[in-house]
Amino acid sequence: MASPGNPLTEALSKTYDPKDVEQKWYQIWEENGYFKPEINPDGPPFAIVIPPPNVTGSLHMGHALDETVQDIIIRYHRMRGDKALWLPGTDHAGIATQNVVEKELKKTGLSKEKLGREKFVERIWQWKEEYGGQILRQLRRLGASCDWSRERFTMDAGLSKAVTREFVTLYKEGLVYRGKRLVNWCPRCKTAISDIEVDFETKKGQLWYLKYPLEKSQISREAGHGIDYIIVATTRPETMLGDTAVAVNPDDERYRHLIGKMLVLPLVGRKIPIIKDELVDPTFGTGAVKVTPAHDPNDFEMGEKHNLPRINILSETGAIVLDEFTPEEAANLKKYAGLDRFKARKAIVEDLEAAGLIEKIEDYENSVGSCYRCHTVIEPYLSDQWYVAVKKLAEPAIRAVEEGKIQFIPDRWTKVYINWMTNLKDWCISRQLWWGHKIPVWYCKCSEIIVSETPPTTCPKCGGTSLVQDPDVFDTWFSSCLWPFSTLGWPDAMEGGVGGRGRPRSGSDLATYYPTSVLVTGYDIITFWVSRMIMMGLHFMQDVPFKKVFVHGLVRDAQGKKMSKSTGNVVDPLILIGDVGADALRLALSALISGQGQDIKLADEKIKECRNFCNKIWNASRYVMMNLPEGAQVEGSPSPAQNAKLQATDLKPRNLADKWILSRYHRTVKAVTELLDNYDFGEAARRLYEFVWGDYCDWYLELSKSALTGNDAKTKQTTQAILAQVLLGTLKLLHPFMPFITEEIYQKFNAGEGVCGPERATSPNAVSRHNIIVLAAWPAAEEKLIDEQAEKHMEIL
RNA sequence: GGGCGCAUAACUCAGCGGUAGAGUACUUGCUUGACAGGCAAGGAGCCGCAGGUUCGAACCCUGCUGCGCCCACCA
């Protein structure tokens, strides 16, 4: 037993306190360049690019999980001797960032309009410099071992150049085009958003049945039928101002005789035809549907087919405008001008009611789309936008996954991906925002469109010099889909070829690390991001952007509810780190990962369990230290020489307990290594937990007490050696999961040499730092026998 | 309307063809010598329901029920 006043017993306090340890180690690691792949210059390259968090973001539990997984992978590979790169960075997140800074401005009574575009963008840059690094600092607290010297931002010069190159190339290839179509418009953000940026929610509303009178001259002719109007059902009565037809199903007996007749649109006075179209479901409502080509996707399609006029009735903020009405119509509608769409709805319904033109109003539930950023109800809105023609890009992207060049883990996401990719619609990439990459397109008065990587000075067609750049910016995902190669130096790192094609210059990061090894992400952005990276990677690099996609679940609260500010169930990872330390949080998250990629319910109990585990291994180490040979009992020792002596000590088991723990340990090393190779982080974490607590502490450490206090010097020495070496080896296995505490303890045993640094000792068995003890291979049968014997033996004890 | 996932002890979850597991919680002891953030022992379960395959099913197949999610042009 340790003598009183032993410096080692004092070196470790009774309970583990993560605070100082974590701060200290991260700094040492970073300062010594341990996170740079170059510390393993000869290893095979292994690369992960971080899913770039929004610059405005702050670390939430979802990030914590995502980054923990990546850090486990990258630390594991680094320990295996790979030239392991984890490239960090942030996304400019156009709409999200703009919204945040707008809100800030509002507090000071300013608005972006008052500031003007240039000043506003300047303001965002300022804001970014000041607060943008927050999430990256928080990543460090988690222990994320990113190579910060390679940090990127989507609006860095190089990455901006990449986006321009991307667009111009796609344009020249005919894969990008401009079109006037209905887009999902957010009247609050005043921009188009893509289909997948719309959240649908079923909402309670009404279905209004409106009477549209037949034209007078026809009423008399129809008098015999007793019909002088058609009833249409709609959830959006205010759009009736823009109706340019009423459609019925061609087979609908009720209306067949009316097809081709004209109606008079109430309130407006416009004459509109009754048309036939198979799209109309005769069983819905009255079987007659009002057609508003400028404000409904279905109606737009019908309008195209039947050549109907498209009358836009709304401004970009969603208020009624009368620009596209005839003067007579406009005169009728003056009272609605400037009314917000929902106020207009009320007013129009009232007026129709007063005119006796409402047959009935029913309660009705339907799904309403809203902006994923601000939850404003989106408006199908007619406008000029840029699109990516996605079909030609999607085909190779599907093939790559089908052929196994990219593997989804777990596999079920393959199906989801392929299903999604085969039904892709063209991607609207222009946004009416101020923050983002400006579209490299200029318009000349002569109506020439110039698409160019560098700003043109004159129009190539008419020689005019007053060129105006497209005011819009790109969808954020249009830049982040280049991330796996733009961050590594594309396009400048390419030699030869057109449009950034060719091949990466040898020796460049791009040549070394592309394709990256694995992408780690939640399933929520497979559609937004993963699919697009695959398309663009294949298109511009002629190779997949990553070989594997590890898809994990989302972190939910203890009840399984989504964490959200409005529900108030958000658990802040930084508060937890402050409470229990980063290691406990990391272990909790990783131990909760299931092989099926289920969502994770994060309960306090689990955090507590893992905090206790930290303490457990801390105290086990304390015990082992106190029982090392006398000479070793100094802070920072055993010295290398002493250490060598310990290792040289005969590790050959002297009794059943020795055999048993070595066998257990050996199996754990093997199992955990395999589990990590197979991306089963949850099982790996659980296995380690059980080994440390259940085998090492509960059994071997308890049994060692008699050996250490006994008279047999040899037994004592062997026990000491096994205690120490199994512990040190286990610390290495645990290190990817819990980097801080393992480094701290390890360093105390190992003359200041941590787990993280460059490898010193090489072992013939190449598992290198990952597995310190090189055990002779034990025949499986013998191992099993020993296990059984040992278990029986211990039952007797 | 199409697709996916989940249902195992009070709670959170492992197990995925061979006698039901862990942690937490609970009960009863123990503990001045690594750790009370500890140790030992214990109670706990028609493994969602109904069929089928099999010598044998929590595990494989079919159907059903209940929750959750994704996709789709429900006026």
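Letters go in sequence order (proteins before strands), and every chain restarts at 1. Note that this is a predicted model, so its numbers are computed, not measured.
Across every strand in view, rC69(B) sits in a pair with rG3(B) that passes the Watson-Crick or G-U test at under 3.5 angstrom. Across every strand in view, rC35(B) sits unpaired, with no contact that passes the Watson-Crick or G-U test at under 3.5 angstrom. Shown here, rG63(B) forms a base pair with rC49(B); the pair counts as Watson-Crick or G-U wobble because both key distances fall under 3.5 Å.
The gap from the P atom of rC64(B) to that of rG5(B) amounts to 16 Å, rounded to the nearest Å. The C1' atoms of rA10(B) and rG43(B) are separated by 12 Å, rounded to the nearest whole Å. Nucleotides rA58(B) and rU8(B) are separated by 15 Å at their P atoms, to the nearest Å. Look at the P atom in both rC46(B) and rA41(B): the space between them is 25 Å, to the nearest Å. Nucleotides rG68(B) and rG23(B) place their P atoms 31 Å apart, quoted to the nearest Å. Rounded to whole Å, the separation between the P atoms of rC13(B) and rG17(B) comes to 23 Å. Rounded to a whole angstrom, the distance from the C1' atom of rG29(B) to that of rG48(B) is 38 Å. To the nearest whole angstrom, the two P atoms, one in rU19(B) and one in rC47(B), are 15 Å apart.
Nucleic acid contact for Trp208(A): none, since no nucleic acid atom lies under 4.0 Å from a heavy atom of the residue. Looking at heavy-atom distances under 4.0 Å, Asp524(A) makes no contact with the nucleic acid at all. When heavy atoms are screened at a 4.0 angstrom cut-off, Lys601(A) is found touching the sugar-phosphate backbone but no base atom. Using a 4.0 Å heavy-atom criterion, one finds that Val232(A) contacts no nucleic acid atom at all. At the heavy-atom level, Val289(A) lies under 4.0 Å from base atoms of the strands shown. Across all strands shown, Glu301(A) has no heavy atoms under 4.0 Å from either base or sugar-phosphate atoms.
Rounding to the nearest 0.5 Å places CG of Asp579(A) at 13.0 Å from NZ of Lys608(A).
Map Tyr364(A) and Cys697(A) each onto its nearest nucleotide of RNA chain B; the residue landing nearer the 5' end is Cys697(A). Where Ala620(A) and Ile593(A) meet RNA chain B, the nucleotide closest to each residue was compared, and Ile593(A) sits on the side nearer the 5' end.
Of the candidates rA75(B), rA40(B), rA34(B), rA75(B) carries the atom nearest the Asn366(A) side chain, counting heavy atoms from C-beta on. When distances are taken from the side chain of Leu701(A) to each of rA14(B), rC73(B), rA34(B), the shortest belongs to rA34(B). In the set rC74(B), rC35(B), rG37(B), rC74(B) carries the atom at the smallest distance from any side-chain atom of Phe284(A). Picking from rG37(B), rC73(B), rC74(B) the nucleotide with the shortest atom distance to the side chain of Ser367(A) gives rC74(B). Closest to the side chain of Asn615(A), from the set rG37(B), rC4(B), rC69(B), is rG37(B). Taking the side chain of Arg412(A) as heavy atoms from C-beta on, and the options rC39(B), rC74(B), rG5(B), the nearest nucleotide is rG5(B). For Arg686(A), the side-chain atoms get nearest to rA14(B) when compared with the rest of rA25(B), rA14(B), rC39(B). With rC35(B), rA14(B), rG23(B) as the choices, the nucleotide that has an atom nearest any side-chain atom of Tyr689(A) turns out to be rG23(B). Relative to the side chain of Lys616(A), the nucleotides rC69(B), rC39(B), rC73(B) differ in distance, and rC39(B) lies closest.
With respect to Glu690(A) and Arg687(A), no salt bridge is recorded, no charged nitrogen being found less than 4.0 Å from a carboxylate O.
For rC35(B), its base never sits under 3.5 Å from the side chain of Lys14(A) at any donor and acceptor pair. With hydrogens and angles ignored, no donor-acceptor pair under 3.5 angstrom links the side chain of Glu609(A) to the base of rA22(B).
Within a 6.0 Å radius of NZ in Lys305(A), more than 12 heavy atoms belonging to other residues, nucleotides or ligands are found. Lys276(A) NZ: 12 or fewer foreign heavy atoms inside a 6.0 Å radius.
Taking the six-membered ring where the residue is Trp, the centroids of Trp413(A) and Phe408(A) are separated by 6.0 Å or more.
In this entry the distance linking CZ of Arg611(A) with C1' of rG38(B) reads 13 Å, nearest Å. Between Lys425(A) atom NZ and rC71(B) atom C1' the separation is 11 Å, expressed in whole Å.
Ring geometry for His552(A) against Phe550(A) counts as tilted: the plane angle lies between 30° and 60°, on a 0 to 90° scale. Classification of the Trp529(A)-Trp477(A) ring pair by plane angle, with boundaries at 30° and 60°, yields tilted.
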